[in-house]
Amino acid sequence: MYLHIGKNYMIQEKDIICLLNIDSLPSQVYQQLKEQYQDCLIDLSSENPRAFIITKKKEKIEVYISNILPTTIAGRVKED
C-alpha cells in the first residue's frame, strides 16, 4: 500500500523503517539525524517539520521530512 507523506510524494508502507515525531525529538538529535542522512534527505516540510521518515527500497535509503504528523501518516495504514 502507498502512503501520501506530503506534497506529491507517495511511499510504500513496506519500505518504512522508521517514522519519528520531530516534535518529541531533542533538537540536537534531530540535527544529528539531518546531518547523518543529508545525502539522501528529501525535505517536504515547507519549513514546518513534523515527521522524520526513513525508508529503504532494495538497498537504497531515502529519508523524508514531512509536515504531516506521524500519527496521521500511521493512521493511513489499512489493516488487512
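Keep in mind that this is a model prediction, so the values were computed, not measured.
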(message) Going by the rule side-chain contact (heavy atoms from CB on, under 4.5 Å), which residues pair with Q36 if we only count those two or more places apart in sequence or in a different chain?
(response) L33

(message) When you compare the side chains of Y30 and Q28, does any donor N or O come within less than 3.5 Å of an acceptor on the partner?
(response) no

(message) A side-chain contact here means heavy atoms from C-beta on lying under 4.5 Å apart; do Y37 and E62 qualify?
(response) no

(request) Test D15 against K56 for salt bridge (charged side-chain N to carboxylate O under 4.0 Å, His left out), laying out the working first. (result) CA-CA 5 Å; D15 295 338; K56 184 175 182 182; over 6 Å; no

(request) Find the distance between CG (D43) and NZ (K34) and round it off to the nearest 0.5 Å. (result) 7.0 Å

(message) Checking S46 against N48: is there a side-chain donor and acceptor pair closer than 3.5 Å?
(response) no

(message) Using only atom types and a distance under 3.5 Å, with no angle test, would you say the side chain of R50 pairs donor to acceptor with the backbone of I22?
(response) no

(message) If you compare all heavy atoms of A51 against all heavy atoms of I73, which two are closest, and at what distance to 0.1 Å?
(response) CB-CD1, 4.1 Å

(message) Check for me, please, whether I17 and V77 land in the same ILVMFWY cluster - side-chain distances under 4.5 Å, paths through other members count.
(response) no

(message) Please enumerate all residues that pass salt bridge (charged side-chain N to carboxylate O under 4.0 Å, His left out) together with K14, with sequence neighbours excluded.
(response) none

(request) Calculate, to the nearest 0.5 Å, the distance between atoms CD1 and CG belonging to I65 and L44 respectively. (result) 8.5 Å

(message) In the structure I gave you, are the side-chain heavy atoms of Q12 and M1 within less than 4.5 Å of one another anywhere?
(response) no

(request) For L41 and D39, run side chain to side chain contact (heavy atoms under 4.5 Å, CB included): C-alpha distance rounded to whole Å, both residues' side-chain angles, the deciding distance at 0.1 Å, then the answer. (result) CA-CA 6 Å; L41 186 69; D39 294 338; over 6 Å; no

(message) When you compare the side chain of I61 with that of I54, does any pair of heavy atoms fall below 4.5 Å?
(response) yes

(message) For I5, is there any backbone N or O sitting under 3.5 Å from a side-chain donor or acceptor partner on S66?
(response) yes

(request) To the nearest 0.5 Å, tell me how far Q32 CD sits from L25 CG. (result) 10.5 Å

(request) Compare all side-chain heavy atoms of T55 with those of Y64 and state whether any distance is below 4.5 angstrom. (result) yes

(request) Could you please spell out the steps behind the side chain to side chain contact (heavy atoms under 4.5 Å, CB included) verdict for I53 and L20? (result) CA-CA 6 Å; I53 308 159; L20 299 171; over 6 Å; no

(message) Between V63 and I42, does the side chain to side chain contact (heavy atoms under 4.5 Å, CB included) criterion hold? Intermediate values first, please.
(response) CA-CA 6 Å; V63 178; I42 300 167; over 6 Å; no

(request) Indicate yes or no: at least one non-hydrogen side-chain atom of H4 is less than 4.5 angstrom from one of R76. (result) yes

